Amino acid sequence: MSPLRRIMELTEFGHIVDCIDINKQLAFDHPLLKDHKIQERPHFSKRITKNVVLSRNRPSKIGLQQDACPSGTVPIRRTTKADLIAIRSMSNNIYPQTTKVPNTHNAVIKMRTTENHGYIGVKGNINVYNPVVKEGSSYARMYVMKGTDEKLNSITTGWMTDGAQKTGCFNIRCPGFVQVDKRVYLGSAISNVSIPNGPQFEIGLSISKEKDGNWWITKDEINIGYFPAAIFNNLTEAETVGWGGLAVSLPNGISPPMGSGIFPDDNYSHTSQFRAIQYRDSSGVLDGPHENTYDTIIDSPNCYLIDFHGYVGEFEGYTFGFGGPGGDCGI
């Protein structure tokens, strides 16, 4: 008997989504997940709190906009040859670094690594822009990370745009992600985005570890799916978490815009921003970046900046603007 499947052509963005039997999804090609039992929903501690919902921004639309996949199936974006090319160009550039990486520029707020203190979650709301990227790629993301070199384990979520007409995505090619939601999927295109000095749209995202070690990805309180503990060799907890932008250029050193493409200032009507950013430490405490607990990484201030405002009340929480026009940023 063949797996349940329904094909939908998303003509607006030019890619295809298949509704696949939840037990036949690509995650189970991973050799460590042959006998994995799907966890349909997380069972977070009651100390987990929801994202701050007060916002001047409207939510962006992500995932299937008509019908959700049928019961027993999950949406999986079909990978194309163009996606595979994008994967190869991006895969070595997505990790935030404290030292310079060729053709990669960061504007990041990063929690400091301290002895006997780890992290089990990160969250925040990002307003979504679509900067004009002719070459390279531009990201707004949050992450958890631990280790270096072959022991490096990292999970990143957010939005990105590249120089193609279709949004490239390498997520589904990273083995092991277990999709559970029937509408929102990795690699979903975003159908409404912010306009400088116009309407503002945002997404609320989180990466959270459960007691069983699985790392869940959520979007606006929707549990999209998780990375099982079994696929990591070094991520029982993270050493650091962070939020910010990343721009990847071609070898000529000309970098694309980041965020809204405008340097951050107090005018949030045209500045790309993170708001309500928080982390959860290994003891379960939810907090935000305080003075002397985080580092700001800006490796090309002539192209990109960060403007951190700290805690500005319940409406915005811990907030900062980021981004810039790019240009000749070096290599």
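Position 1 is the first residue of the sequence; numbering continues from there. Note that the coordinates shown come from a computational prediction; the quantities given were computed from them, not determined experimentally. Side-chain atoms are counted along with the backbone in the values below, which use heavy atoms only and exclude waters and symmetry mates.
- Between Y143 and V108, some side-chain heavy-atom pair lies under the 4.5 Å cut-off.
- Taking each heavy atom of E237 and K146 in turn, the nearest pair found is O-CD, 3.1 Å.
- Qualifying salt bridge (charged side-chain N to carboxylate O under 4.0 Å, His left out) partners for D295, counting only residues two or more places apart in sequence or in other chains: R112.
- Considering every non-hydrogen atom in both Y294 and I109, the closest pair reads CD1-CG2, 3.8 Å.
- The two residues I224 and K219 have their closest heavy-atom pair at CD1-CB, 3.7 Å.
- With K209 as the partner, the side-chain contact (heavy atoms from CB on, under 4.5 Å) test is satisfied by one option alone out of L235, V144, I120: I120.
- With a 4.5 Å cut-off on side-chain heavy atoms, I217 and I155 count as touching.
- With a 4.5 Å cut-off on side-chain heavy atoms, D212 and Q39 count as touching.
- Of all heavy-atom pairs between V17 and L64, the closest is CG1-CD2, 4.1 Å.
- Across every non-hydrogen atom of N23 and F28, the tightest pair is O-CD1, 3.6 Å.
- Formation of a donor-acceptor pair under 3.5 Å by the T104 side chain with backbone atoms of V248 is not found in this model.
- The shortest side-chain heavy-atom distance between V180 and R41 does not fall under the 4.5 Å cut-off.
- Counting heavy atoms of neighbouring residues, nucleotides and ligands inside a 6.0 Å radius, atom NZ of K37 does not exceed 12 of them.
- Screening residues 178-198 for salt bridge (Lys or Arg N to Asp or Glu O under 4.0 Å) gives no qualifying pairs among residues at least two apart or on separate chains.
- Looking at heavy atoms from C-beta onward, Y129 lies out of side-chain contact with V193 at the 4.5 angstrom threshold.
- H290 has its ring centre less than 6.0 Å from the ring centre of Y318.
- Between T161 and P131 there is a side-chain heavy-atom pair separated by less than 4.5 Å.
- With F274 as the partner, the ring-ring contact (aromatic ring centres under 6.0 Å, His included) test is satisfied by one option alone out of Y268, F320, W159: F320.
- Scanning both residues, H105 and M258, for their nearest heavy atoms gives O-CE, 3.8 Å.
- Looking at heavy atoms from C-beta onward, W216 lies out of side-chain contact with S206 at the 4.5 angstrom threshold.
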